[in-house]
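In what follows, a structure is listed as structure tokens, so that the remarks can point back to it.
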Amino acid sequence: MENLHLEGSAKTPSIHFDAVAGKLELKGRSIPENSVEFYKPLNDWIDAYGKSPVGETIVDVKLEYFNTSSSKCILDLFKKLETISGERTKVSVNWYFEEDDEDMEEAGQDYQAIIGLPFNIIEVEEI
Amino acid sequence: MIKNDIYELYLTMERENILLSFKGVVTSDLLTSVLSIMESKMDYMEESPKTKKKVFNVLVECLQNLYHHIDVTDQSERNLELIESKSALFMISKKDDHFMIQTGNYIDAASAAELKSRLDLINGMDKDELKKYYQDTLNNGAMSEKGTAGLGMIDIARKSGNKLEYQFLPINDVNSFFCLNIKID
């Protein structure tokens, strides 16, 4: 299947979903007024990928900012990943935050509390 | 007189240290510009990255609340009176050691009552209760057609670290003017 690559913009993150490597990366900022439209193709891609995934799927979330409209869409994306995780692929999430950014660290903890996937919260110097 | 009025406004803005203010209809393009202006302004300020991020985050939520509130869906109703009622005011200022974001917009009575009870509920919560409430709403709340999830005010309260100061000024039988002051530590 085709990989999904989207350039980042002032209000949307860059997307690099690689079906062969099993690597899904969201990076930058996600602050559109209505996020549903932006996240729909991402969810569709995961649906298609879930039909023939590689053995290990790693999701890297490297967000600088995200709004509450995106937070719901990000949760739905994680829930979709939860459904494809099983015998055929082991899905794990790496949630990155910049040092001292407690808000982004807490946001990771919010998802960690809700989502039943291995969820690593990782502090880095710069995203 | 006009000259004096403008000078008065200028002095007020100078005294209050207003970094940016706008009155009018809040559109998506306007938000893109305002956020970009605020980002470059803060680049020149000696603030910690942590503070900058907080201010930016809270600003995004406050402005998008205005945007969704005044979202005009019915094109046929684009008359002057309506545009006025869809207008909003916002100001971002820095006083002493903290940032302030202030917004003002018209709101109908039914929405005002609902909003007031939500704000009171949020203001009655401590940090941990807010975290729990946010997680519950995130997990159980439904997404509206506008792409809002009822999380905005909870997020503003969590990130600002302060109570949401508000006032509803009665204007007439149907409308109030809603003022929101957010202090960011």
Side-chain angles (χ1 to χ4, degrees), chain A residues 8-13 28-40 42-43 62-80 82 95-117 119 123-127, chain B residues 26-36 39 48-71 127-128 130-156 158-161 184:
Chain A
S9 76
K11 286 183 182 168
T12 55
R29 50 185 57 189
S30 182
I31 53 169
E33 286 82 27
N34 191 341
S35 305
V36 179
E37 205 179 316
F38 178 79
Y39 280 87
K40 174 137 196 337
L42 276 56
N43 285 320
K62 301 174 175 174
L63 292 175
E64 199 187 346
Y65 300 111
F66 68 97
N67 61 359
T68 53
S69 175
S70 300
S71 61
K72 189 82 188 159
C73 291
I74 294 168
L75 177 70
D76 290 344
L77 188 132
F78 286 149
K79 284 190 169 169
K80 192 152 280 280
E82 232 176 355
W95 180 276
Y96 292 85
F97 72 96
E98 282 185 9
E99 54 183 18
D100 289 340
D101 190 352
E102 290 158 16
D103 289 332
M104 197 51 88
E105 184 182 10
E106 273 203 45
Q109 293 165 355
D110 289 338
Y111 288 114
Q112 198 177 38
I114 300 171
I115 292 296
L117 292 168
F119 201 104
E123 180 171 350
V124 289
E125 216 170 289
E126 204 174 319
I127 276 179
Chain B
V26 178
T27 63
S28 176
D29 286 344
L30 177 86
L31 294 192
T32 308
S33 309
V34 165
L35 292 173
S36 148
E39 266 202 301
S48 69
K50 189 178 158 180
T51 303
K52 287 177 189 173
K53 278 185 187 165
K54 255 189 205 299
V55 172
F56 190 80
N57 263 309
V58 174
L59 185 62
V60 167
E61 291 306 323
C62 287
L63 298 186
Q64 292 188 343
N65 273 347
L66 295 177
Y67 171 84
H68 288 296
H69 177 69
I70 64 179
D71 195 11
K127 196 171 179 287
D128 290 336
L130 278 173
K131 189 184 176 86
K132 175 95 182 26
Y133 184 43
Y134 181 92
Q135 287 178 3
D136 288 347
T137 310
L138 175 64
N139 202 14
N140 306 321
M143 190 89 151
S144 77
E145 264 177 43
K146 290 176 180 177
T148 54
L151 293 164
M153 289 295 183
I154 315 173
D155 191 58
I156 292 170
R158 276 181 91 185
K159 290 192 172 133
S160 70
I184 303 159

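Naming: A, B, ... by sequence-line order, numbering from 1 per chain. What you are looking at is a predicted structure, and each value in this text was computed from that prediction instead of being measured.
Here the NZ-CE distance, from K50(B) to M104(A), works out to 14.0 Å after rounding to the nearest 0.5 Å. Rounding to the nearest 0.5 Å places CD of E39(B) at 5.0 Å from OH of Y65(A).
Using modelled atom types, one side-chain atom of Q64(B) and one backbone atom of I31(A) make a donor-acceptor pair closer than 3.5 Å. Proximity of a side-chain donor or acceptor of H68(B) to a complementary backbone N or O of N34(A) within less than 3.5 Å is not detected.
Nearest heavy-atom pair across S71(A) and L138(B) is O-CD1, 3.6 Å. A pairwise comparison of heavy atoms in T32(B) and A10(A) identifies CG2-CB, 4.2 Å as the closest pair. Residue S28(B) comes nearest to K11(A) through the heavy atom pair O-NZ, 3.0 Å, listed as atom of the first residue, atom of the second, then distance.
Contacts between E99(A) and chain B at a heavy-atom distance below 4.5 Å are absent for every atom of the residue. In this structure, no portion of E37(A) lies under 4.5 Å from any heavy atom of chain B. Interface residue Q135(B): backbone and side-chain heavy atoms are both found under 4.5 Å from chain A. When heavy atoms are compared at a cutoff of 4.5 Å, I154(B) does not approach chain A at all.
Contact of the K79(A) side chain with the N139(B) side chain is registered, since non-hydrogen atoms from C-beta on lie closer than 4.5 Å. Residues R29(A) and F56(B) form a side-chain contact, since some pair of their non-hydrogen atoms from C-beta on lies under 4.5 Å apart.
When each of K54(B), K131(B), R158(B) is tested with D103(A) by the rule salt bridge (Lys or Arg N to Asp or Glu O under 4.0 Å), just one qualifies, namely K54(B).
With chain B as partner, the option from D101(A), L75(A), I114(A), D110(A) having the largest number of non-hydrogen pairs under 4.5 angstrom is D110(A).
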